[in-house]
K.L.:
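Pasting in a structure now, in structure tokens, and then I'll have a few things to ask.
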Amino acid sequence: MGPLLPAEEAAQRGERIAKFLARCGVASRRDVERMIDEGRIVVNGHRVTHPATFVLPTDRVLVNGKPVEPPQRTRLWRYHKPCGLVTTHHDPQDRPTVFDSLPPGLPRVISVGRLDLNSEGLLLLTNDGSLARELELPARKWIRRYRVRVFGEVDRKRLADLAGGSRFEGVEYGPIEAVVDSQRGDNSWLTVSLREGKNREIRRVMMGLNLHVSRLLRLSYGPFQLGNLKPGELEEVPGKVIAEQIPALKEAMRHKKR
């Protein structure tokens, strides 16, 4: 018998526990590593102590003492996040979360990126952690577009200069395209576009221009649009659309359907 081909070797070895649990929609890979440190994952009766643990489809995996269901077919939803919800599964302050607000019968999902408590608009949700990671990759350079209401005097020259990048409170921010759509007194509506958003980036950058953000609504994330979704509404993205946007996942999705 000759040497194993890479694909055959990988099939015999299985896949890393973090990747497996991400595909099952349990948590992101980063969160799985934290769960390993906390001793919450067991494979075939043995507590997992290292991220370089490999699992096979026949292995019995428990998280928090509960069996993990096999990966489902990859699914993605567009969700109109309302204000007042945090994008986390467990909030230490016990505030209402996005995931508590979802309709019953939905599989366990994770978010693609986040929107903070006071932000609203398009949030992508998926049952597949690998897809979430793929959609978040900075290398995609997908444009994220927002409608932003600010209070204060808008300096259009400084606003246009954001396209060359900016710095605020020691943090470097990438290019931001921002244009004024309408202005009434000290309130202005802007359309803001960026490709790689840091935590609370728009709010912080606007603060650097002496502008207070009073409303922030995400309109799109790459090719996915908020459209006519009303706050709290959810709509599944057809699998064909996912495959068209993420060709690398096409084979994986086909395999899950078998």
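Bear in mind the structure is a predicted one, so any value in this text is a computation, not a measurement.
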K.L.:
Verify the neighbour count for atom CZ of Arg30: are there more than 12 heavy atoms of other residues, nucleotides or ligands below 6.0 Å?
P.N.:
no

K.L.:
Would you call Trp77 and Leu106 a side-chain contact if the rule is heavy atoms closer than 4.5 Å?
P.N.:
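Heavy-atom side-chain distance check passes, below 4.5 Å.
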
K.L.:
If you draw a 6.0 Å radius around CD in Glu153, do more than 12 non-hydrogen atoms from other residues or ligands fall strictly inside?
P.N.:
no

K.L.:
Is there a side-chain contact between Arg40 and Arg34 (heavy atoms, below 4.5 Å)?
P.N.:
yes

K.L.:
Using distance only, find each side-chain donor-acceptor pair of residues 215-225 under 3.5 Å and give its atom names and separation, not counting sequence neighbours.
P.N.:
unit_1: Arg215; atom_1: NE; unit_2: Glu120; atom_2: OE2; d: 2.9
unit_1: Arg215; atom_1: NH2; unit_2: Glu120; atom_2: OE1; d: 3.4
unit_1: Arg218; atom_1: NE; unit_2: Leu122; atom_2: O; d: 2.8
unit_1: Arg218; atom_1: NH1; unit_2: Tyr146; atom_2: OH; d: 3.2
unit_1: Arg218; atom_1: NH2; unit_2: Leu122; atom_2: O; d: 3.1
unit_1: Tyr221; atom_1: OH; unit_2: Leu135; atom_2: O; d: 3.1

K.L.:
For a quick check under 3.5 Å, do Thr97 and Asp100 share a side-chain donor-acceptor pair by atom type?
P.N.:
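There is such a pair between these side chains.
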
K.L.:
Any heavy-atom pair between the side chains of Arg203 and Ser119 that's under 4.5 Å?
P.N.:
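Side-chain contact under 4.5 Å: yes.
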
K.L.:
Sort and list the pairs that fulfil salt bridge (charged side-chain N to carboxylate O under 4.0 Å, His left out) and have at least one residue in residues 52-70, not counting sequence neighbours.
P.N.:
none

K.L.:
Is there a path of hydrophobic side-chain contacts, each under 4.5 Å between heavy atoms of I, L, V, M, F, W or Y residues, that connects Leu62 with Val55?
P.N.:
no

K.L.:
If you compare all heavy atoms of Thr87 against all heavy atoms of Gly113, which two are closest, and at what distance to 0.1 Å?
P.N.:
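Closest approach of Thr87 to Gly113, heavy atoms only: CG2-O, 4.2 Å.
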
K.L.:
Group every Ile, Leu, Val, Met, Phe, Trp and Tyr by side-chain heavy-atom contacts under 4.5 Å, then state whether Val179 and Val148 land in the same group.
P.N.:
no

K.L.:
Shared ILVMFWY cluster between Leu209 and Val154, side chains joined below 4.5 angstrom?
P.N.:
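Result: yes, single cluster for both.
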
K.L.:
Rounded to the nearest 0.5 Å, what's the gap from CG on Leu124 to OG on Ser111? Could you check?
P.N.:
9.5 Å

K.L.:
Looking at CD of Gln93 and CG of Leu117, how far apart are the two atoms once the value is rounded to the nearest 0.5 Å?
P.N.:
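Answer for the CD-CG pair, Gln93 versus Leu117, is 9.0 Å.
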
K.L.:
Using the rule given for side-chain contact (heavy atoms from CB on, under 4.5 Å), can you reason through Arg108 versus Leu102, listing the C-alpha separation, both sets of side-chain angles and the distance that settles it, and then say yes or no?
P.N.:
CA-CA 10 Å; Arg108 189 184 190 282; Leu102 299 176; over 6 Å; no

K.L.:
Going by the rule side-chain hydrogen bond (donor to acceptor under 3.5 Å, both in side chains), which residues pair with Asn187 if we only count those two or more places apart in sequence or in a different chain?
P.N.:
none

K.L.:
Say whether, by atom type as modelled, one donor and one acceptor occur between the side chain of Lys81 and the main chain of Asp116 under 3.5 angstrom.
P.N.:
yes

K.L.:
Answer with yes or no whether the hydrophobic clustering places Trp189 together with Leu211; edges join I, L, V, M, F, W, Y residues whose side-chain heavy atoms lie under 4.5 Å apart.
P.N.:
no

K.L.:
Determine whether Val241 and Leu131 fall in the same hydrophobic cluster, where Ile, Leu, Val, Met, Phe, Trp and Tyr are linked whenever their side-chain heavy atoms lie under 4.5 Å apart.
P.N.:
yes

K.L.:
Nearest 0.5 angstrom please: Asp128 CG to Ile246 CD1, how far?
P.N.:
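That separation rounds to 11.0 Å.
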
K.L.:
Report the C-alpha separation of Leu162 and Glu177 in whole Å, then their side-chain angles, then the decisive distance to 0.1 Å, and conclude whether the side-chain contact (heavy atoms from CB on, under 4.5 Å) test is met.
P.N.:
CA-CA 7 Å; Leu162 294 177; Glu177 300 285 344; over 6 Å; no

K.L.:
Would you name the heavy atoms of Ile36 and His50 that are closest together and state the gap between them?
P.N.:
CG2-N, 3.8 Å

K.L.:
Please enumerate all residues that pass salt bridge (charged side-chain N to carboxylate O under 4.0 Å, His left out) together with Asp181, with sequence neighbours excluded.
P.N.:
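Residues passing salt bridge (charged side-chain N to carboxylate O under 4.0 Å, His left out) with Asp181: Arg147.
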
K.L.:
Any heavy-atom pair between the side chains of Val150 and Ser214 that's under 4.5 Å?
P.N.:
no

K.L.:
Report, as yes or no, whether the 6.0 Å neighbourhood of atom CZ on Arg133 holds more than 12 heavy atoms from other residues, nucleotides or ligands.
P.N.:
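No.
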
K.L.:
Centroid separation under 6.0 Å, is that true for the rings of His89 and Phe99?
P.N.:
yes

K.L.:
For Arg204, check side-chain contact (heavy atoms from CB on, under 4.5 Å) against everything at least two apart and list the hits.
P.N.:
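Per chain and number, Arg204 pairs via side-chain contact (heavy atoms from CB on, under 4.5 Å) with Phe168, Glu169, Tyr173, Arg200.
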
K.L.:
Identify the heavy atoms of Arg75 and Asn127 that sit nearest to each other, and give their distance.
P.N.:
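In terms of heavy atoms, the two residues are closest at N-OD1, 2.8 Å.
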
K.L.:
Considering only NZ, NE, NH1 and NH2 on the basic side and carboxylate oxygens on the acidic side, decide whether Glu196 and Arg144 come within less than 4.0 Å.
P.N.:
no

K.L.:
Grab the two heavy atoms, one from Asn118 and one from Cys83, that are nearest each other, plus how far apart they are.
P.N.:
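So the two residues come closest at O-SG, 3.4 Å.
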
K.L.:
On a heavy-atom basis, which atom in Val112 and which in Leu123 lie closest, and how many Å separate them?
P.N.:
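Val112 and Leu123 have their closest heavy atoms at O-CD1, 4.1 Å.
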
K.L.:
Once rounded to the nearest 0.5 Å, what's the spacing between atom CG of Leu56 and atom CZ of Phe20?
P.N.:
9.5 Å

K.L.:
Can you name the nearest heavy-atom pair linking Val192 to Ala178, along with the distance?
P.N.:
CG2-CB, 4.1 Å

K.L.:
Indicate yes or no: at least one non-hydrogen side-chain atom of Lys198 is less than 4.5 angstrom from one of Val171.
P.N.:
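The answer is yes, as the side chains (C-beta and beyond) meet within the 4.5 Å cut-off.
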
K.L.:
Nearest 0.5 Å please: distance from the CD atom of Glu33 over to the CD atom of Glu38.
P.N.:
12.5 Å

K.L.:
Can you check side-chain contact (heavy atoms from CB on, under 4.5 Å) on Val42 and Val61, steps first, answer last?
P.N.:
CA-CA 6 Å; Val42 173; Val61 182; over 6 Å; no

K.L.:
Yes or no on side-chain contact (heavy atoms from CB on, under 4.5 Å) for Val86 and Val98, after CA distance, side-chain angles and deciding distance?
P.N.:
CA-CA 6 Å; Val86 290; Val98 163; over 6 Å; no

K.L.:
State, with a plain yes or no, whether a side-chain heavy atom of Ile41 is found less than 4.5 Å away from one of Ile17.
P.N.:
yes

K.L.:
How many angstroms lie between CD in Glu233 and CG in Asn228, if you round to the nearest 0.5 Å?
P.N.:
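The CD atom of Glu233 sits 9.0 Å away from the CG atom of Asn228.
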
K.L.:
What salt bridge (charged side-chain N to carboxylate O under 4.0 Å, His left out) pairs are there with at least one residue in residues 156-166, not counting sequence neighbours?
P.N.:
Lys157-Asp161

K.L.:
Quick one: does His80's side chain get under 4.5 Å of Leu226's, heavy atoms only?
P.N.:
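Counting from C-beta outward, His80 and Leu226 do come under 4.5 Å.
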
